[in-house]
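Residue numbering restarts at 1 for every chain, and letters A, B, ... go by the order of the sequence lines.
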Amino acid sequence: LWPWPRSVQASSRRYRLRPAAFAFRHHPGSAAQPGCDVLDSAFARYRRLLFGAGPWPPPSPSGQRH
Amino acid sequence: VSKDVLVVSVVTEGCNEFPMLESLENYTLTIDDDQCLLAASTIWGALRGLETFSQLVWTSAEGTFFINKTSIKDFPRFSHRGLLLDTSRHYLPLSSILDTLDVMAYNKLNVFHWHLVDDPSFPYDSITFPELARKGSYNPVTHIYTAQDVKEVIEYARLRGIRVLAEFDTPGHTLSWGPGVPGLLTPCYSGTQPSGDFGPVNPILNSTYKFMSSFFLEISSVFPDFYLHLGGDEVDFTCWRSNPDIQAFMKKKGFDDFRQLESFYIQMLLDIVSAYEKGYVVWQEVFDNKVKVRPDTIVQVWRDKKPVTYMEEVELVTKAGFRVLLSAPWYLNHITYGADWKDMYKVEPLDFEGSPEEKALVIGGEACMWGEWVDSTNLVPRLWPRGGVVAERLWSSNLTTNLDFAETRLSHFRCLLLRRGVQAEPIGVGYCEQEFEET
């Protein structure tokens, strides 16, 4: 992590993220809901940074499959 | 077990506002069996948490994405964590500025100090005074920032939780203003004759203050941040000294030191800007020259050793009750061969003699990239990851100082920047798992 946070507790237990299924969501009780442009655009930005811009899985450039 | 949703919750309403110096950026991030939750006081804190979340995700050799069970509580040490970019010595295309804002967000920097104009060029396309850019920019068609460009920068920054602090330095560093506003600058003399050269803004004419009132009325409405940076550094008195009208004005006012004349000008300017209900940041010379300023003025310490060391200067400014921004040790345009980031990392902004109240007046600092030797061809590798070193010093706890720990993480962070398409330079030997052609 950079910059280093105030307090971090981490363990080796891990969870899988499935790009096709993963989403950022507003908590129902949050003061920000869909339509909050700062967070909506950040959700799109970070999804792109994490998994790329296109659909998941990305199509093979030649259309062929392994 | 899969995690398919990161739930984001913020406490305070306010999606259409601009970030401010006082904005809270704290967040907690909890990834465990029961939840995958990012909670923050404000949307600005949520942005910081999203960045942290993105850095926690890793990919296995087979290409599967994972995140470990993690609990993070985080908040910044300083509220002003800035990056100064000079777009006058060399023009930077709009895309370079926007790309820089992206990388600032990756580093949790939150103030873009836009040093828009200086001696060589005036790229800011003023609506009220279009001749400034028409006659003062490198090229009035291509090398300017239009009203739309400025608006785009401000919005792009807002969406990343970054304030835009615009600097219009006066009375010095203003040679590019001269062609667009005849009579604004002081005519220099050689003996009894005008030499044809011009010096700082002419402080003895009413027309100067009339112009400044109109110009800063526009600037105050274009830039939404409460603060403007008014410069005030490196005023060369040679030209003022040579001008007989200035000499007569000095005599009439009873000034025997040109610093008094500079103070006279700056006080008039500060009154103008204050009337528009803006606060201001000034370079340390304004304080050194004992200009009377408002108590809420922010003084930026940029000089390394003169008149005193930068830490002694911080001590003097805080003792006088003013807030401080530190940038003297963080001039990224100064480069040396090797790992020069370590000296920047070792700086402790509160390492001066002072009471807790005085230390609380240090509100942050800025990494500075002056433009003499930097344009869009080499800006990125010179900025990053070294700018991130300043970012960590300003965000992380005062106990986060271990150089080995920092080196490991910074190398890894540089690889993350490469993956995101940022041409960050290496900080030592090593390699990144992914070396992307597009970088």
Side-chain angles (χ1 to χ4, degrees), chain A, chain B residues 1-16 31-33 36-37 39 43-44 46-47 50-57 64-75 107-108 158-161 385 388 391-397 400 405-406 409-410 412-413 416 420:
Chain A
L1 292 170
W2 191 277
W4 189 247
R6 281 282 156 165
S7 143
V8 184
Q9 289 177 302
S11 90
S12 56
R13 181 161 173 74
R14 66 190 191 183
Y15 309 99
R16 194 160 58 118
L17 301 182
R18 297 178 302 170
F22 184 83
F24 296 100
R25 295 256 168 79
H26 295 279
H27 190 282
S30 173
Q33 291 297 319
C36 174
D37 61 351
V38 172
L39 289 185
D40 289 348
S41 65
F43 291 171
R45 209 162 56 238
Y46 279 104
R47 184 178 172 79
R48 200 163 54 241
L49 285 173
L50 285 169
F51 307 123
W56 194 270
S60 163
S62 62
Q64 296 175 338
R65 298 176 66 86
H66 290 291
Chain B
V1 178
S2 291
K3 290 286 179 192
D4 290 337
V5 175
L6 175 69
V7 176
V8 178
S9 180
V10 302
V11 175
T12 313
E13 286 182 20
C15 282
N16 301 317
I31 317 287
D32 61 23
D33 289 1
C36 188
L37 176 68
I43 53 171
W44 316 119
L47 290 178
L50 284 169
E51 174 56 37
T52 299
F53 175 81
S54 74
Q55 292 187 20
L56 288 171
V57 175
T64 307
F65 293 91
F66 288 105
I67 189 164
N68 283 50
K69 181 179 175 183
T70 311
S71 172
I72 289 177
K73 286 189 195 331
D74 201 10
F75 58 91
N107 285 276
K108 298 188 171 74
R158 184 183 79 88
L159 292 174
R160 287 151 185 78
E392 174 152 304
R393 182 52 52 239
L394 294 172
W395 176 280
S396 303
S397 151
T400 305
F405 184 50
R409 288 182 299 109
L410 190 58
H412 185 85
F413 181 63
L416 177 137
R420 293 181 177 183

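- Neither the backbone nor the side chain of Leu416(B) comes within less than 4.5 Å of any heavy atom of chain A.
- The part of Val11(B) that comes within reach of chain A is its backbone (N, CA, C, O), which places non-hydrogen atoms under 4.5 angstrom from that chain.
- For Phe24(A), the parts sitting under 4.5 Å from any heavy atom of chain B are the backbone and the side chain alike.
- The heavy-atom pair separating Val38(A) from Cys15(B) by the smallest distance is CG2-O, 3.6 Å.
- Contact of Pro28(A) with chain B is not made at all, since no heavy-atom distance falls under 4.5 Å.
- At a 4.5 Å heavy-atom cutoff, the contact between Thr52(B) and chain A is made by backbone and side-chain atoms alike.
- The contact between Leu49(A) and chain B is made entirely by side chain atoms (from C-beta outward), counting heavy-atom distances below 4.5 Å.
- Scanning all heavy atoms of the two residues, the minimum distance from Lys108(B) to Asp74(B) falls at CE-OD2, 4.4 Å.
- Counting heavy-atom pairs closer than 4.5 Å to chain B, the top-ranked of the candidates Ala42(A), Cys36(A), Ala23(A) is Ala23(A).
- Neither the backbone nor the side chain of Arg393(B) comes within contact range of chain A; no heavy atoms are under 4.5 Å apart.
- Contact annotation for Phe413(B): only side-chain heavy atoms (C-beta onward) come within less than 4.5 Å of a heavy atom of chain A.
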Assess the residue pair Asp37(A) and Arg158(B) against the criterion (salt bridge (charged side-chain N to carboxylate O under 4.0 Å, His left out)); give the C-alpha distance rounded to whole Å, side-chain angles, the decisive distance to 0.1 Å, and a yes or no.
CA-CA 10 Å; Asp37(A) 61 351; Arg158(B) 184 183 79 88; 2.7 Å; yes
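- Chain A forms more heavy-atom pairs under 4.5 Å with one residue of Glu51(B), His412(B), Arg409(B) than with any other, namely Arg409(B).
- Within the 4.5 angstrom heavy-atom criterion, only side-chain atoms of Thr400(B), from C-beta onward, approach chain A.
- Aromatic ring centres of Phe75(B) and Trp395(B) lie farther apart than the 6.0 Å criterion allows.
- Counting heavy-atom pairs closer than 4.5 Å to chain A, the top residue among Asn16(B), Leu47(B), Val10(B), Leu56(B) is Val10(B).
- Contacts of Ala406(B) with chain A are made by both backbone and side-chain atoms, with heavy-atom separations under 4.5 Å.
- To the nearest 0.5 angstrom, Cys36(B) atom SG is 9.0 Å from Tyr15(A) atom OH.
- Aromatic ring pairs are classed by plane angle as parallel below 30°, tilted from 30° to 60° and perpendicular above 60°; the pair Phe65(B) and Phe51(A) is perpendicular.
- With a threshold of 4.5 angstrom between heavy atoms, Arg48(A) does not approach chain B through any atom at all.
- For the residue pair Leu37(B) and Leu6(B), the shortest heavy atom distance occurs at N-CD1, 3.9 Å.
- Taking Ser41(A), Ala21(A), Ala31(A), Gly35(A) one by one and counting their heavy-atom pairs under 4.5 Å with chain B, the maximum is reached by Ala31(A).
- With a threshold of 4.5 angstrom between heavy atoms, Leu1(A) approaches chain B through its backbone and through its side chain.
- Atoms CZ and CZ, on Arg45(A) and Arg160(B) in that order, are 4.0 Å from each other to the nearest 0.5 Å.
- Of all the heavy atoms in Trp2(A) and Gly388(B), the pair that sits closest is NE1-O, 2.9 Å.
- Across Asp32(B) and Lys3(B), no two heavy atoms sit closer than the pair O-NZ, 2.5 Å.
- Both the backbone and the side chain of Ser11(A) come within less than 4.5 Å of a heavy atom in chain B.
- Looking at Ile31(B), both its backbone and its side chain come within 4.5 Å of chain A, counting heavy atoms on both sides.
- Closest heavy-atom contact between Arg420(B) and Ser54(B): NH2-OG, 2.7 Å.
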